[in-house]
Amino acid sequence: MKNQETLNSGKLRITIILSVIASILAIPLIAMQFTNEVNWTLSDFVIAGILLFSTGLAIELVIRNLKTGTLRTVILVAILLALFLIWAELAVGIFGTPFAGS
């Protein structure tokens with residue numbers, strides 16, 4: 001019985017992760033219809049999707065394997081910080097790497 005509940009909650013969290021990713025990626029897609037300020041290519045959407053999906057899976061693994069505690073919180077904050085720093089680097093190049101946006 002406990003395993004079935006774990007599987008259902010895991011499937012629900014994956015569904016939520018995919019829904020959030022779709023919602024986040026819909027924002028620039030919709031914005032592109034109304035303004036020329038947003039100009040994403042297919043590769044931009046693919047890279048953003050991979051980045052968001054890998055972040056979501058990393059968070060899911062932490063939630064599944066670490067039940068409570070300070071370590072869990074620190075790891076989740078570190079994952080989100082890494083997401084934001086990578087996203088900012090890809091967008092505007094805050095670190096000046098070759099992967100920086102134009």
### CA sep, side-chain torsions, deciding dist, call: L52, I17, side-chain contact (heavy atoms from CB on, under 4.5 Å)
CA-CA 9 Å; L52 291 169; I17 289 169; over 6 Å; no

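- L90 and I50 end up in different hydrophobic clusters when Ile, Leu, Val, Met, Phe, Trp and Tyr side chains are linked at under 4.5 Å.
- More than 12 non-hydrogen atoms from other residues, nucleotides or ligands lie less than 6.0 angstrom from CZ of F45.
- Side-chain contact between W40 and L25: present, with at least one pair of heavy atoms (C-beta onward) separated by less than 4.5 Å.
- Among residues two or more places apart in sequence or in another chain, the ring-ring contact (aromatic ring centres under 6.0 Å, His included) test is passed with W87 by none.
- Between the CD1 atom in I63 and the CZ atom in R13 there is a gap of 5.5 Å [rounded to 0.5 Å].
- No chain of hydrophobic side-chain contacts below 4.5 Å, direct or via other Ile, Leu, Val, Met, Phe, Trp or Tyr residues, connects F84 to V77.
- With rounding to the nearest 0.5 angstrom, the CG atom of L66 is 10.0 Å from the CG atom of L61.
- Rounded to the nearest 0.5 Å, atoms CD1 (I47) and CD1 (I86) are 12.0 Å apart.
- Both L12 and V62 belong to a common hydrophobic cluster when Ile, Leu, Val, Met, Phe, Trp and Tyr are linked at side-chain heavy-atom distances under 4.5 angstrom.
- The minimum heavy-atom distance linking S43 with T41 is given by the pair OG-OG1, 2.9 Å.
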### Message
Test side-chain contact (heavy atoms from CB on, under 4.5 Å) on N39 and D44; report intermediate values, then the result.
### Response
CA-CA 9 Å; N39 187 20; D44 293 327; over 6 Å; no

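- A heavy-atom distance below 4.5 Å is not found between the side chains of R72 and N65.
- Cluster membership for L71 and I59, using ILVMFWY side-chain heavy atoms within less than 4.5 angstrom, is shared.
- If you chain together hydrophobic residues whose side chains sit under 4.5 Å apart, V74 and L81 never meet in one group.
- Side-chain contact between I94 and L85 is present, with at least one heavy-atom pair separated by less than 4.5 Å.
- Within the 4.5 Å cutoff, the side chain of V38 has no heavy atoms near those of the I30 side chain.
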